[in-house]
Protein chains: 2
Amino acid sequence: MSSEAHLELGPSSLTDALYESIRKRIVNGEIPQGEKLTEVRLATEYNVARPTAKAALERLTGVGLLRRTAHKTAVVPVLDEAEIRDLFFSRITIEKAAVSALAATGEVPADAARAQVAIEYAARDRLFENQVDADISFHTALVAAVGSRRLSRMHELIIGEVHLSMGQYKAHRKVDPSTVASEHAAVLEAIAAGDPAAAADHLAHHLEQAEARLLSTLPQTRS
Amino acid sequence: MSSEAHLELGPSSLTDALYESIRKRIVNGEIPQGEKLTEVRLATEYNVARPTAKAALERLTGVGLLRRTAHKTAVVPVLDEAEIRDLFFSRITIEKAAVSALAATGEVPADAARAQVAIEYAARDRLFENQVDADISFHTALVAAVGSRRLSRMHELIIGEVHLSMGQYKAHRKVDPSTVASEHAAVLEAIAAGDPAAAADHLAHHLEQAEARLLSTLPQTRS
DNA sequence: TAGGACGAAATTGTTAGACAAGAATGCACG
DNA sequence: CGTGCATTCTTGTCTAACAATTTCGTCCTA
């Protein structure tokens with residue numbers, strides 16, 4: 001790994017750019033679970049002042065992508081089975097509410113349909129990382145389509161950790177893309193049919209499957 | 001208002017103490033809606049350095065108790081009708097999930113029962129602020145009893161804004177405490193009876209009433 | 001050799017001062 | 001009376017430094 005990272009142009013604030021860059025490296029698994037991130041290390045790597053690095057770390061801690069306690073250095077969290085279960089319980093709560101609300105209107109969000117297509121392309125080309133990103137986009141688009149700022153904010157918290165765990169365990173994952181595609185399609189169909197209960201059921205089933213797939217890749221707790 | 005505020009002893013970190021102090025002043029309505037909070041003002045008021053004040057403001061922004069955009073000063077948000085509706089939609093989503101889960105176990109959380117009593121005492125003594133705090137505690141206890149760290153974190157986001165709006169509009173509120181008490185009691189009874197659907201229904205009804213009570217205190221949008 | 005205590009190094013928390021850049025305000029001029 | 005410019009306010013970022021706390025390695029002792 002290079003000793004210096006560079007920030008893409010774009011975000012107005014330097015802290016924003018730093019936050020976004022580190023966030024991507026964490027959710028992609030580039031920075032592995034358990035790794036410690038000190039303020040000075042990041043500051044020197046990115047050529048920014050320590051307070052700037054500190055601010056980025058604090059924001060990442062706020063969204064659950066880092067953990068730290070007072071005077072201790074931030075680490076990328078290691079999600080064990082109990083935490084993954086809690087994560088998916090919370091996720092199902094939010095996303096069920098989202099698809100129910102969408103089904104009540106009967107309109108399938110265009111962004112979600114587009115993401116669904118992107119997943120298939122990525123799967124065909126064996127681009128695992130793109131496939132994960134597209135899957136995240138699909139679920140995020142569903143929630144965003146509800147139009148509730150607060151629901152989206154809560155979902156952002158959750159989906160960040162989901163992204164983290166998918167990225168961290170990617171080496172072990174062997175998921176049949178067509179299975180995911182059909183599960184997604186079932187949800188969209190129920191939304192189009194205007195059937196909230198069916199949409200919620202299909203979504204819950206899909207997420208339970210996703211949870212099981214993720215749990216099966218977890219390293220066994222050694223005796 | 002005094003030109004200097006003092007921090008209570010307790011929280012380990014200075015930033016934590018500052019965050020907590022400002023948070024309380026906002027949710028109690030002591031700092032009114034629309035008020036601007038500049039970094040230097042807080043820094044001088046509390047006798048801390050500007051970066052410390054900045055950190056506290058950023059954390060408050062992160063939980064929705066302040067709003068700010070780049071280079072602009074933070075302000076206490078003014079929640080209009082649409083935002084209150086969104087707030088309660090999100091709140092109902094989270095709390096329904098919580099009471100359903102609790103009813104599945106059939107155990108009434110002790111903390112919630114205690115908070116229920118505290119509400120009655122506060123109402124009897126006409127201590128409005130305590131009444132609000134106890135009500136918040138009741139709902140927070142319900143969610144906390146589920147034992148899901150992430151559900152509690154999401155709820156914290158929501159309940160903060162709920163607290164804010166209750167505190168800001170308190171002058172206009174005239175709520176019958178016994179009504180609230182009986183609505184709460186219905187939820188607890190359904191949990192004790194182990195009936196998830198009934199618990200969710202009673203809770204939704206209670207929160208819809210609370211939403212309506214809050215909306216009725218909103219100043220009319222002038223033509 | 002194993003264990004614990006002590007001390008040094010690393011890391012974070014907080015402060016001060018400074019400068020640049022963007023936003024808001026008011027005044028002057030057309 | 002309205003518009004544009006300049007001043008002022010406020011935030012974003014940096015450098016430097018010290019205090020407080022944690023961590024780690026070493027050394028001494030049993």
Side-chain angles (χ1 to χ4, degrees), chain A residues 3-23 26 31-78, chain B residues 3-23 26 31-78:
Chain A
S3 70
E4 174 158 356
H6 59 287
L7 298 174
E8 299 169 11
L9 277 41
S12 50
S13 151
L14 182 55
T15 304
D16 289 353
L18 190 57
Y19 168 87
E20 195 50 35
S21 174
I22 302 176
R23 188 195 133 270
I26 292 177
I31 302 178
Q33 288 180 328
E35 178 122 335
K36 289 204 256 193
L37 293 181
T38 70
E39 297 177 359
V40 284
R41 174 188 154 193
L42 289 173
T44 55
E45 267 185 23
Y46 284 93
N47 263 91
V48 297
R50 186 161 74 95
T52 307
K54 182 189 188 64
L57 287 181
E58 276 168 1
R59 281 174 49 183
L60 286 164
T61 303
V63 297
L65 291 179
L66 286 177
R67 288 193 192 163
R68 97 157 128 179
T69 56
H71 282 282
K72 276 186 277 191
T73 122
V75 323
V76 179
V78 180
Chain B
S3 71
E4 173 158 358
H6 59 286
L7 297 174
E8 299 169 10
L9 277 41
S12 49
S13 151
L14 182 55
T15 304
D16 290 352
L18 189 57
Y19 168 87
E20 196 49 35
S21 174
I22 301 176
R23 189 195 133 270
I26 291 176
I31 302 178
Q33 288 180 327
E35 177 122 336
K36 289 205 260 193
L37 293 181
T38 71
E39 297 177 358
V40 285
R41 174 188 154 193
L42 290 173
T44 56
E45 267 186 24
Y46 284 93
N47 262 90
V48 297
R50 186 161 74 96
T52 307
K54 182 190 188 65
L57 288 181
E58 275 168 1
R59 282 174 48 183
L60 286 164
T61 304
V63 297
L65 291 179
L66 286 177
R67 289 194 192 163
R68 97 157 127 180
T69 56
H71 282 283
K72 274 186 277 191
T73 129
V75 331
V76 179
V78 179

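Quantities reported herein were computed from a predicted structural model and do not represent experimental measurements. Every chain is numbered from 1, with letters handed out A, B, ... down the list of sequences.
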**Student:** Hey, is A:Asp16 close enough to A:Arg59 for a salt bridge, meaning N to O under 4.0 Å?
**Tutor:**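 Yes, A:Asp16 and A:Arg59 are salt-bridged.
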**Student:** Quick check: on DNA chain D, is the nucleotide nearest A:Pro51 upstream (toward 5') of the one nearest A:Ala70, or the reverse? Name the residue that is more 5'.
**Tutor:**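 Looking at the nearest nucleotide for each, A:Pro51 comes out on the 5' side.
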**Student:** Does A:Arg68 make a side-chain donor-acceptor contact with the base of D:dT22, cut-off 3.5 Å?
**Tutor:** no
**Student:** Flag the pair A:Tyr19 / A:Val63 as yes when at least one side-chain heavy-atom distance between them is below 4.5 Å, and no otherwise.
**Tutor:** yes
**Student:** Nearest to the side chain of B:Lys54, which nucleotide is it out of D:dC14, D:dG12, D:dT10?
**Tutor:**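 Nearest to the side chain of B:Lys54 among the choices is D:dG12.
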**Student:** Chain B on DNA chain C: first and last contacting nucleotide, 5' to 3', under 4.0 Å to a heavy atom?
**Tutor:** C:dT14 to C:dA24
**Student:** Find out whether A:Thr52 and A:Tyr46 are in side-chain contact, i.e. whether some heavy atom of one side chain is under 4.5 Å from a heavy atom of the other.
**Tutor:** no
**Student:** Between A:Ala53 and B:Leu57, who's closer to the 5' end of DNA chain D by nearest nucleotide?
**Tutor:**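 Its nucleotide being nearer the 5' end, the pick is B:Leu57.
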**Student:** To the nearest angstrom, how far is B:Leu42 atom CG from D:dT10 atom P?
**Tutor:**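 Atom CG in B:Leu42 sits about 12 Å away from atom P in D:dT10.
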**Student:** Quick one: does any side-chain atom of B:Arg41 pair with a main-chain N or O of B:Lys36 as donor and acceptor, under 3.5 Å?
**Tutor:**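 Yes, B:Arg41 side chain to B:Lys36 backbone: donor-acceptor pair under 3.5 Å.
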**Student:** For B:Leu37 and D:dC9, give me the distance from atom CG to atom C1', rounded to whole Å.
**Tutor:** 16 Å
**Student:** So, does A:Thr15 get its side chain near the phosphate of D:dT13, meaning an N or O under 4.0 Å from OP1 or OP2?
**Tutor:**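 True: A:Thr15 side-chain N/O within range (under 4.0 Å) of D:dT13 OP1/OP2.
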**Student:** Determine whether A:Leu57 and A:Leu66 make a side-chain contact, defined as any pair of heavy atoms from C-beta on separated by less than 4.5 Å.
**Tutor:**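 Result yes, sub-4.5 Å side-chain heavy-atom pair found.
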**Student:** Quick check: do B:Arg67 and B:Thr61 have side-chain heavy atoms less than 4.5 Å from each other?
**Tutor:** no
**Student:** Could you state the CG-P distance from A:Asn47 to D:dC14, rounded to the nearest angstrom?
**Tutor:**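 Rounding to the nearest Å, CG of A:Asn47 and P of D:dC14 are 9 Å apart.
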**Student:** Measure from CZ on A:Arg50 to P on D:dA16 and round the result to the nearest Å.
**Tutor:**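 One finds 13 Å between P of D:dA16 and CZ of A:Arg50, rounded.
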**Student:** Below 4.0 angstrom from OP1 or OP2 of D:dT13, is there any side-chain N or O of A:Ser13?
**Tutor:**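 For A:Ser13, the contact criterion (side-chain N or O under 4.0 Å from OP1 or OP2 of D:dT13) is met.
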